[in-house]
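All figures in this text were calculated on a predicted structure; none of them were measured in a lab. Just so we're on the same page: letters track the sequence lines, and every chain starts at 1.
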Protein chains: 2
Amino acid sequence: MQTINIAIVDDHPLIISGLVAILRPYTQIVVRGTYTSAAGLLEGLKKDCPDVLLLDILLPDVSGKELITTIREAYPALRVLVLTSLDMPSMVSSMLRRGCSGYLLKGAPSNTLIDAIEAVHGGGEYIEPKLKEQLFQNFLRFKEHPRNQIVVPELTQREKEVLALIAAEYTTREIADKLFISYYTAENHRNNLIQKLDVKNTAGLIKVAIQIGLLS
Amino acid sequence: MQTINIAIVDDHPLIISGLVAILRPYTQIVVRGTYTSAAGLLEGLKKDCPDVLLLDILLPDVSGKELITTIREAYPALRVLVLTSLDMPSMVSSMLRRGCSGYLLKGAPSNTLIDAIEAVHGGGEYIEPKLKEQLFQNFLRFKEHPRNQIVVPELTQREKEVLALIAAEYTTREIADKLFISYYTAENHRNNLIQKLDVKNTAGLIKVAIQIGLLS
DNA sequence: TCTTTTCTCCCGGTTTCCCGGTAGACGCCG
DNA sequence: CGGCGTCTACCGGGAAACCGGGAGAAAAGA
C-alpha cells in the first residue's frame, strides 16, 4: 500500500483537527501539513510536497478559486480535492475548470473522504454525486435552451463545430476548407473559443472542453 | 423527448433486424439506415445524417478500426457506439482512442442498449462495465509495472511530467525552464509524446491523454 | 558485456497558432 | 429604428509548435 501525503487548508482549526482525527486510523494517509490561510499554505507547500491537497474555498485571505489556479501553476502534479460546504453545481464546474480533481462536501462520511482521497491520488476524480448529477442536469437544460447560460460558457453553433474539428486534429486551414469559410474566419472562431473558455492555448482549450462536457 | 436518429452497420442481416426490432418500441429512436458493409455505410451516411452510429468491428470489407477513423474525420459530430462481440479490453481502448463514445457487447439487454444510445447521444459515454473495469485494472498494473505495455502506450516519467505541463497550458519554453532542461529537450519530449500517442498535434495529444486516463 | 532505452542537447526549416485589431452583412429583439 | 450578437473576412507581426534529422552519456536489462 502506497502512502499518500496530504496537506489541508481550511479556515476553521476545528475542522482541521476533525479531519486529522478522521484520517489518523488510515495509516496509508499521512498529513504533512495543515494551514488556515492561503498564504500559510503557499509557504508550507514547498517543504511538505504533498500528493493531495484538501482545499476549502472560503479562506480568510484569498478565495480558493484564485488559490487553486496559483497552486496548479506551481505544482501541476499536485491533486486538489476541494472540501467545502458550498453545494452549488456552478462552484463545482468552476473549480473543475480550474483543475481540481475532486469535490467533496463537508459532512461527507469518513469512508467517502478516504475513497475520494485515494481516487484523486490514483489519477481519478471524485465529485459529490448529487452535485455531479445537478451539473449534468444543468448541462442538459443548457443544451435544450442555449439561452440558459448557467454553467457552461455559451458557444455558438459555429464555434462548437470549429471546436469539434480542432479536437479532431484539424489545422485552422483545414477547418476553413471543411466549413467553406475563410481561413481568417476559422481563426476568429478559434480565438473566440480560447477567450470564452478562458484558456491560453489549444491544449487548455481541449482540456477544458472535455472537462465541461463539450467534447467527449 | 428529443428524437435520436441512428444508423446501424453490421455484417449479419439477422443482427440488424434484431436490433431494429428491439428499438422499434422506443419511439424516440429512429433508425435511419442499416448497412452490412463499410462501403454501404459511407454511401448512406450522406443522406441519413444520423446522430448516433451503431458500429460492428468485424465487417466484410474494412475493419471497424479503420472505418471509425474515417467516419470521425468526415463526421466529427456523429457519435459512434461500438456494438460488438469482441470482449477484449484492448479493443475498447483502441476504439476509444479512435473516438468512439461507447462500447457495448452484443447480448447486452435491450434496456442497456437504449441507455447506451441515449447516454452517447447526450454527450456522455457508455462502456461495458466489465470491460471498463478490466481496462482500469490493466492501467493499474501498468502503473505498478511499467513493463506491461498492454493498453496504454508506455510513457517515461519525464514524458508524463511534460505531458502534465502541456495540459497545464505551459509553452515548451516554460516547460524547459520549469524542469531545468534545455528547450530542445522539452521539445523532444513533446514530439515523442505526439509520436507515441499517435496524434498529430497538441489538441489530439490532450484529447487522447484524457481518454486513456493519463490526464484528468 | 552488449544492447536498448532514456534523457539530454542541438540544428534548420516550415507550419501553425496566437494576438489585437478593423469591418461589413444579417438577424433578432426591445 | 437602434443596438446587440453572430458570422463573415481581412491584416501584420510575433510566438510557438512541428518536423526530421544527429548525437552523446547514463542507466537498466538481456
Side-chain angles (χ1 to χ4, degrees), chain A residues 73 77 142-143 145-150 152-209 214-215, chain B residues 77 142-150 152-209 214-215:
Chain A
E73 294 222 345
F142 166 78
K143 278 185 75 176
H145 302 291
R147 200 131 307 282
N148 311 17
Q149 181 194 349
I150 312 174
V152 180
E154 184 166 4
L155 298 189
T156 66
Q157 187 54 38
R158 213 48 163 167
E159 284 164 349
K160 287 183 208 164
E161 290 174 40
V162 171
L163 175 58
L165 291 172
I166 293 174
E169 307 185 21
Y170 289 98
T171 67
T172 307
R173 175 77 266 159
E174 292 168 336
I175 293 172
D177 291 344
K178 211 159 190 62
L179 297 181
F180 303 109
I181 57 180
S182 152
Y183 169 82
Y184 300 108
T185 307
E187 196 179 53
N188 255 2
H189 290 312
R190 190 184 200 110
N191 288 332
N192 289 339
L193 282 166
I194 288 181
Q195 299 247 317
K196 283 192 179 179
L197 295 194
D198 189 27
V199 293
K200 289 206 285 227
N201 51 32
T202 306
L205 184 61
I206 299 296
K207 197 186 63 165
V208 169
L214 292 169
L215 293 173
Chain B
F142 165 78
K143 279 184 76 176
E144 282 167 19
H145 303 288
R147 196 129 311 285
N148 312 19
Q149 181 193 347
I150 312 175
V152 179
E154 185 167 4
L155 298 189
T156 68
Q157 187 54 38
R158 213 47 162 170
E159 283 165 351
K160 286 183 209 165
E161 289 174 43
V162 172
L163 175 58
L165 291 172
I166 293 173
E169 305 185 22
Y170 288 98
T171 68
T172 306
R173 175 78 266 159
E174 291 168 336
I175 293 172
D177 291 345
K178 212 160 189 61
L179 298 180
F180 302 109
I181 57 180
S182 153
Y183 170 81
Y184 299 109
T185 307
E187 196 181 52
N188 254 2
H189 290 312
R190 190 183 200 111
N191 288 331
N192 289 339
L193 281 167
I194 288 181
Q195 300 250 319
K196 283 193 179 180
L197 295 195
D198 189 27
V199 293
K200 290 207 287 229
N201 51 32
T202 304
L205 184 62
I206 299 298
K207 197 185 65 164
V208 169
L214 292 169
L215 294 171

Axis-to-axis angle across the helix from C/dT1-D/dA30 to C/dG30-D/dC1, five pairs each end, nearest 10 degrees, ~ 60°
Salt bridge (Lys or Arg N to Asp or Glu O under 4.0 Å) with B/E187: which residues, sequence neighbours excluded?
none
Indicate for each nucleotide in nucleotides 25-30 of chain C, in 5' to 3' sequence, whether protein heavy atoms under 4.0 Å reach the base (B), only the sugar-phosphate (S), or nothing (-).
------
Between [X] and [Y], which heavy-atom pair has the shortest distance, and what is it?
X: A/K196; Y: A/L155; answer: CD-CD2, 3.6 Å
X: B/A203; Y: A/T202; answer: CB-CG2, 3.5 Å
X: A/E159; Y: A/L193; answer: O-CD1, 3.6 Å

Check: residues 167-181 of chain A side-chain donor-acceptor pairs under 3.5 Å, at least two apart:
unit_1 : atom_1 : unit_2 : atom_2 : d
A/E169 : OE1    : B/K200 : N      : 2.7
A/Y170 : OH     : B/E73  : O      : 2.8
A/T171 : OG1    : A/E174 : N      : 3.2
A/T172 : OG1    : A/R190 : NH1    : 3.0
A/R173 : NH2    : A/D177 : OD1    : 3.3
A/E174 : OE1    : A/T171 : N      : 2.9

Is there a side-chain polar atom (N or O) of B/T202 under 4.0 Å from OP1 or OP2 of D/dC18?
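Answer yes for this pair, as a side-chain N or O of B/T202 is under 4.0 Å from OP1 or OP2.
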Please work out which residues in residues 184-195 of chain B have a non-hydrogen atom less than 4.0 Å from an atom of DNA chain D and list them by number.
B/E187, B/N188, B/R190, B/N191, B/I194
Residues touching DNA chain D, which here means a heavy atom under 4.0 Å, drawn from residues 167-182 of chain A:
A/I181, A/S182
[atom1] of [X] to [atom2] of [Y]: how many Å apart, nearest 0.5 Å?
X: B/L163; Y: B/L197; atom1: CG; atom2: CG; result: 7.0 Å
X: B/H189; Y: B/T185; atom1: NE2; atom2: OG1; result: 6.0 Å
X: B/N188; Y: B/R158; atom1: CG; atom2: CZ; result: 12.5 Å

Short question: side chain of A/N201, backbone of A/G204 - any donor-acceptor pair under 3.5 Å?
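It does hold such a pair.
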In whole Å, I'd like the distance from the [atom1] atom of [X] to the [atom2] atom of [N].
X: B/L155; N: C/dT5; atom1: CG; atom2: P; result: 15 Å
X: B/L205; N: D/dA17; atom1: CG; atom2: P; result: 12 Å
X: A/Q157; N: D/dG5; atom1: CD; atom2: C1'; result: 15 Å
X: B/K200; N: C/dC17; atom1: NZ; atom2: P; result: 11 Å
X: A/Y183; N: D/dC11; atom1: OH; atom2: P; result: 13 Å
X: A/R158; N: D/dG5; atom1: CZ; atom2: C1'; result: 16 Å

